[in-house]
Amino acid sequence: MTFTALDLARLRTFAGALARDVGTHVRELRETGAAVAETKSSRTDVVTAADHEAEQLIVSALRAERPADGILGEEGASTQGETGITWVVDPIDGTVNYLYGLPGYAVSIAATITGGGPGTMADGRRTVAAAVYVPSSDELFTAQDGGGATLNGRPIRVSQASELSLALVATGFGYTAQRRTEQAEVVRQLIPRVRDIRRLGAAATDLCHLAAGRLDAYYERGLQPWDYAAGALIAREAGAVLLGRTHDAVAGEPLLIAGPPALAAQLQLAVGQAYEAYERDAPQP
Ligand code: IPD
Ligand code: CA
Ligand code: CA
């Protein structure tokens, strides 16, 4: 499937306006508080009413404006579609931040296609246009394939960091005790080798901070497509490379490593060594 730059620009503008509208609504909802509506993979993996409402708003807008496209939303939206485009949506990325009234949660919307090519992610999809809106700072990050990344309309670029020992590295943790035990062990091995570690609470926002040069690199194991679909394109279009555990692409791998090329390669090696040590030494179930 081929798209002109104009097609992609339209998808990008649409995603950006929608992310901003929904994010603004979600921020207003937060003014009266937020409560856990249900839990998912563990008791710490929460969903609020605002997550559902935001997804509903996004789905309604997509059905109205792009009725033949597919939709995959974290909170259950799933439509096949006929155009080859599937919108991958995280209505609130960073729900725990949202619940506690912390900044940095985001609305993440990505137009994806299948069929391979540069930037194809672990689920076989490739994002061609993307928007992440961070309501707490009123920041809209957008990108389109081959068309660069912007923050509130201005071009952004990854940092020039090239030395792992001086890199500010962000990561995230999953919701199960087993995944967290492994992730904590990897962080333990990594932290003496980097400038510092940040755990800010929203993968989409982490990838946008990386794109804007506010972080030098990012890695996380166990992300779902809606966590990274938009942010990964924004990071890539800002100059980041996206790596898996051992390959130059993330195909088939659940570990995402992102950063400026020279740094990402060093982080890939260091994270790979940390996982190898963990897998060698961890008690087998
Ligand atoms: C989570 C956030 C978090 C990351 C987790 C994600 P959610 O998404 O992006 O930063 O570490 O892996 O599941 O649950 O807030 O949408
Ligand atoms: Ca998420
Ligand atoms: Ca979410």
Side-chain angles (χ1 to χ4, degrees), residues 19 22-23 25-27 29-30 34 36-59 71-78 87-110 112 121-123 127 130-136 141 169-184 186-187 190 197-211 214-215 217-232 234-235 250 253-258 271:
V22 173
H25 180 68
V26 155
R27 184 180 56 211
L29 284 179
R30 184 67 189 71
V36 174
E38 66 200 68
T39 58
K40 295 195 282 192
S41 62
S42 76
R43 287 176 64 209
T44 55
D45 185 1
V46 297
V47 184
T48 69
D51 293 77
H52 287 296
E53 192 170 329
E55 184 156 306
Q56 259 330 104
L57 288 172
I58 295 167
V59 168
I71 307 174
L72 174 67
E74 175 171 18
E75 306 313 336
S78 177
W87 293 88
V88 179
V89 171
D90 195 337
I92 300 181
D93 185 44
T95 297
V96 174
N97 282 5
Y98 185 77
L99 182 68
Y100 280 79
L102 286 169
Y105 62 87
V107 176
S108 174
I109 301 177
T112 72
M121 304 298 286
D123 60 347
T127 303
V132 172
Y133 181 61
V134 184
S136 51
F141 297 86
V169 179
T171 191
F173 306 123
Y175 288 112
T176 64
Q178 191 187 357
R179 172 56 49 86
R180 285 181 173 187
T181 303
E182 157 212 305
Q183 287 170 323
V186 171
V187 168
L190 209 57
I197 292 281
R198 291 289 179 271
R199 196 301 189 235
L200 301 172
T205 311
D206 288 340
L207 285 161
C208 290
H209 285 322
L210 167 69
R214 296 168 178 168
L215 295 167
Y218 168 78
Y219 78 94
E220 184 167 347
R221 183 160 185 218
L223 291 177
Q224 299 295 325
W226 41 79
D227 296 316
Y228 62 71
I234 292 165
V250 291
E253 285 194 292
L255 176 65
L256 175 65
I257 298 164
V271 170

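For the single chain, residues carry numbers from 1 onward in sequence order. Counting convention: from 1, in listed order, for ligands and their atoms alike.
Taking a cut-off of under 4.0 Å to the non-hydrogen atoms of Gly172, the atoms of ligand 1 that pass are 11 (O). In summary, the atoms of ligand 1 found under 4.0 Å from a heavy atom of Ala203, numbered by their order in the structure, are 2 (C), 9 (O), 10 (O). Near Tyr175, meaning under 4.0 Å from any of its heavy atoms, are these atoms of ligand 1: 1 (C), 7 (P), 13 (O), 14 (O), 15 (O). Each of the atoms 16 (O) of ligand 1 lies under 4.0 Å from some heavy atom of Glu74. Listed by number with element, the atoms of ligand 1 under 4.0 Å from a non-hydrogen atom of Gly94 are 7 (P), 15 (O), 16 (O). Set against the non-hydrogen atoms of Ile92, the atoms of ligand 1 under 4.0 Å away are 16 (O).
Considering backbone and side-chain atoms together, Gly201 places an N or O closer than 3.5 Å to an N or O of ligand 1.
Looking at Glu55, its side chain does come within 3.5 Å of a backbone N or O of Ala77 through a donor-acceptor pair. Between the side chain of Thr127 and the backbone N or O of Ala230 there is no donor-acceptor pair closer than 3.5 Å. Side-chain atoms of Thr205 come within 3.5 Å of backbone atoms of Gly104 as a donor-acceptor pair (strictly under, hydrogens ignored). Between the side chain of Arg30 and the backbone N or O of Leu99, at least one donor-acceptor pair lies under 3.5 Å. Between the side chain of Tyr98 and the backbone N or O of Thr48, no donor-acceptor pair lies under 3.5 Å. In this structure, the side chain of Arg180 engages the main chain of Gly174 through a donor-acceptor pair within 3.5 Å. Panel note: side chain Asn97, backbone Leu200; a donor-acceptor pair is recorded below 3.5 Å. A distance-only check finds a donor-acceptor pair linking the side chain of Asp93 to the backbone of Ala204 [under 3.5 Å].
Classification of Lys40 and Glu75 as a salt-bridged pair holds, one side-chain N sitting under 4.0 Å from a carboxylate O.
Note that OH of Tyr219 and CG of Leu256 are 12.0 Å apart. Values are rounded to the nearest 0.5 Å.
At a cut-off of 3.0 Å, Asp227 is counted among the residues with an N, O or S atom near the Ca ion (ligand 2). Counting backbone and side-chain atoms alike, Ile92 contributes an N/O/S atom closer than 3.0 Å to the Ca ion (ligand 3).
As for Asp90, its N/O/S atom nearest the Ca ion (ligand 2) is the one called OD2. Distances from the Ca ion (ligand 3) to the N/O/S atoms of Glu74 are shortest for OE1. For the Ca ion (ligand 2), the nearest N, O or S atom contributed by Asp93 is named OD1.
Counting protein heavy atoms only, atom 8 (O) of ligand 1 is closest to Asp93 OD1, 3.0 Å. Protein heavy atom at the shortest distance from atom 12 (O) of ligand 1 is Glu220 OE2, 2.5 Å.
Contact analysis leaves Val96 out of contact with ligand 1, as no non-hydrogen atom separation drops below 4.0 angstrom.
When side chains are defined from C-beta on, Asp45 does not count as touching Thr39, because their heavy atoms never get closer than 4.5 Å.
In Ala202, the part holding a heavy atom less than 4.0 Å from any atom of ligand 1 is the backbone. If you look at Arg199 next to ligand 1, the close heavy atoms, those under 4.0 Å, all belong to the side chain. Under 4.0 Å from ligand 1, the heavy atoms of Phe173 that appear belong solely to its backbone. Using a 4.0 Å cut-off between heavy atoms, Asp227 contacts ligand 1 through its side chain alone, with no backbone atom that close.
Side-chain atoms of Asp51 and Thr95 include a donor-acceptor pair closer than 3.5 Å.
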